[in-house]
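Everything on this sheet refers to the single structure shown next.
The structure displayed is predicted, hence computed values, not measured ones.
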Amino acid sequence: MKEPQPIQQIINPIASKLAAPSPTSTTQTGSEREPTQAQQEAEQRTRVLVNMLFARFKAIYTHKFASAYASTEEVKLAKREWAIALKGFQEPLLAYAVERTKEKYAWPPTISEFLSVIQTAYRAYGLPEPRRAYMEACSCRHKPQEKAWSHPAVYFAGAETGWHFLSTEDERTSWPVFEKHYTVYVDKVINGEKLVIPKSVLIEDKSAPVLGSLLSEIATELQVSESDVAPHLYYLYKTHGTKIRAQYREHALEALKKLGYKGGLPD
């Protein structure tokens with residue numbers, strides 16, 4: 001199986017002509033609230049990716065593409081629907097899906113067909129698709145560090161969501177939160193980052209510097225279990241004074257602050 005390629009490399013030089021923002025917007029009509037800068041940037045990225053996909057489809061399917069989208073107005077409307085459907089998907093997954101679509105379909109794919117191909121892209125990176133990952137996290141929320149996870153990204157997304165949160169909130173509330181965190185870790189994986197689940201000894205080994213008291217202190221302040229806090233303190237097992245330890249510590253402190261922790265972390 002060929003390695004997924006970045007879309008820019010696949011469609012160059014066509015992309016440079018079509019990567020301009022589409023006049024259509026994925027912002028829902030009828031809303032009086034102005035989108036945030038982050039939302040605007042996300043929509044812009046999605047529009048660019050959709051333009052790139054259409055350029056690739058045009059190159060692959062030639063006259064068949066022209067038959068599917070006969071007018072400029074049809075292309076605009078189609079791009080709007082595709083942008084809504086593909087919101088949140090990242091470039092490497094889409095690049096892989098384009099290659100598989102070319103092999104599978106003789107005509108330009110529908111949105112439904114393309115989304116089904118994207119699901120196979122998760123498998124190409126060894127990842128479960130989001131809904132299956134969510135169900136796995138929910139079923140393994142008790143003593144999560146003792147479970148055999150299908151992929152570390154599922155564990156870390158569950159830890160970021162909060163095992164207590166997954167245990168006490170209904171699916172309508174917990175699923176969107178988990179999906180957001182899982183997307184972040186999917187991005188890390190497809191960008192080459194190696195995720196390693198901390199061993200359960202992280203909670204039990206009280207000989208680690210300040211670990212026992214720090215776990216208890218943070219868990220008490222946040223009113224969560226120590227197993228929810230433990231993944232954030234994994235940096236304590238990195239060599240003191242190294243850059244990687246400092247990076248892990250910075251990420252841990254940022255994540256804990258978001259959860260409401262007001263204290264600091266030792267170097």
Side-chain angles (χ1 to χ4, degrees), residues 1-29 35-127 129-131 153 179-180 182-193:
M1 180 182 296
K2 295 187 295 184
E3 285 293 322
Q5 304 175 45
I7 290 181
Q8 285 91 341
Q9 295 180 14
I10 296 176
I11 67 171
N12 188 48
I14 300 175
S16 61
K17 300 179 181 179
L18 297 179
S22 169
T24 60
S25 170
T26 58
T27 304
Q28 294 182 353
T29 58
T36 65
Q37 182 178 351
Q39 289 173 327
Q40 291 176 341
E41 291 175 352
E43 289 181 357
Q44 170 65 9
R45 287 193 298 271
T46 300
R47 285 194 293 267
V48 170
L49 287 175
V50 169
N51 283 334
M52 290 178 176
L53 285 176
F54 271 59
R56 183 57 177 160
F57 288 158
K58 185 175 182 179
I60 294 171
Y61 296 107
T62 59
H63 68 282
K64 295 179 180 178
F65 180 88
S67 298
Y69 303 104
S71 68
T72 301
E73 187 61 28
E74 286 183 358
V75 172
K76 289 181 180 179
L77 292 173
K79 284 184 177 181
R80 177 187 175 91
E81 293 303 317
W82 278 77
I84 293 172
L86 298 181
K87 182 179 179 181
F89 288 109
Q90 301 302 306
E91 181 184 330
L93 289 177
L94 298 182
Y96 179 88
V98 167
E99 291 300 303
R100 300 290 78 76
T101 297
K102 178 177 66 175
E103 298 168 355
K104 185 174 183 179
Y105 296 106
W107 284 82
T110 64
I111 292 176
S112 176
E113 289 170 338
F114 192 72
L115 288 175
S116 68
V117 175
I118 287 179
Q119 302 310 310
T120 68
Y122 284 101
R123 291 196 291 272
Y125 287 96
L127 292 157
E129 56 88 18
R131 284 296 300 177
E179 183 184 28
K180 180 183 71 174
Y182 187 61
T183 298
V184 171
Y185 283 100
V186 167
D187 290 350
K188 291 178 183 290
V189 171
I190 62 183
N191 284 317
E193 183 171 335

_Using side-chain contact (heavy atoms from CB on, under 4.5 Å), reason through S67 and Y61 one step at a time and then give a plain yes or no._
CA-CA 10 Å; S67 298; Y61 296 107; over 6 Å; no
*Could you tell me whether the side chain of K79 and the main chain of V50 form a donor-acceptor pair under 3.5 Å?*
no
*For K180, does the NZ atom have more than 12 heavy-atom neighbours from other residues, nucleotides or ligands under 6.0 Å away?*
no
*Indicate, with yes or no, if the rings of Y96 and Y125 have centres closer together than 6.0 Å.*
no
*Evaluate side-chain contact (heavy atoms from CB on, under 4.5 Å) for R56 paired with M52, printing each intermediate quantity in order.*
CA-CA 6 Å; R56 183 57 177 160; M52 290 178 176; over 6 Å; no
_Non-hydrogen atoms of Q119 and P130 that approach each other most closely_ = OE1-CD, 4.3 Å
*asked:* Could you measure the distance from the OG1 atom of T120 to the CD atom of E129? Nearest 0.5 Å is fine.
replied: 11.5 Å
*asked:* Would you compute the distance between atom CH2 of W82 and atom OG1 of T46 and round it to the nearest 0.5 angstrom?
replied: 13.5 Å
*To the nearest 0.5 Å, how far apart are CG in L94 and CG in L49?*
5.5 Å
_side-chain contact (heavy atoms from CB on, under 4.5 Å) for V189 and Y185? Distances and angles first, verdict last._
CA-CA 6 Å; V189 171; Y185 283 100; 5.6 Å; no
_Nearest-0.5 Å distance, CD1 of residue I84 to CD1 of residue I111_ = 8.5 Å
*asked:* Are F114 and F57 packed together at the side-chain level, in the sense that at least one heavy-atom pair is separated by less than 4.5 angstrom?
replied: yes
_Straight-line distance of L53 CG to T101 OG1, nearest 0.5 Å_ = 9.0 Å
*Could you give the distance from CD1 (I190) to OH (Y122), rounded to the nearest 0.5 Å?*
8.5 Å
